[in-house]
J.: 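Structure provided below as structure tokens; questions to follow.
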Amino acid sequence: MLQGFWYRYLVDTKLYEVELYMRENAVDAVTAIRDVLNIDLETSGDAVPKAAC
């Protein structure tokens with residue numbers, strides 16, 4: 001049961017990070033997701049996260 005709550009908390013936190021980045025930097029959602037979560041939504045095929053440096 002707690003795992004379900006943890007997952008929902010994690011998703012909401014990531015969403016908040018992206019929204020905050022969008023407000024602070026005046027960028028669109030695609031750019032914010034790429035910069036904050038390292039996920040390129042404009043790639044053809046499956047969206048695969050880039051390796052963290």
J.: At their closest point, which heavy atom of M22 faces which heavy atom of A32, and how far apart are they?
T.: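 Of all heavy-atom pairs spanning M22 and A32, the closest is CG-CB, 3.4 Å.
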
J.: Please report the interatomic distance CH2(W6) to CG(L10), rounded to the nearest 0.5 Å.
T.: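 Reported to 0.5 Å precision, the distance equals 6.0 Å.
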
J.: Out of curiosity, R34 CZ to Y21 OH, how far, rounded to the nearest 0.5 Å?
T.: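 These two atoms lie 8.0 Å from each other.
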
J.: Membership question, hydrophobic clusters at under 4.5 Å side-chain separation (ILVMFWY): are V30 and I33 in the same one?
T.: yes

J.: Please answer whether the main-chain N or O of V27 pairs with a side-chain N or O of T31 as donor and acceptor at a distance below 3.5 Å.
T.: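 It does not hold such a pair.
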
J.: In terms of hydrophobic clustering (I, L, V, M, F, W, Y; side-chain heavy atoms under 4.5 Å; direct or indirect links), are V36 and L20 co-clustered?
T.: no

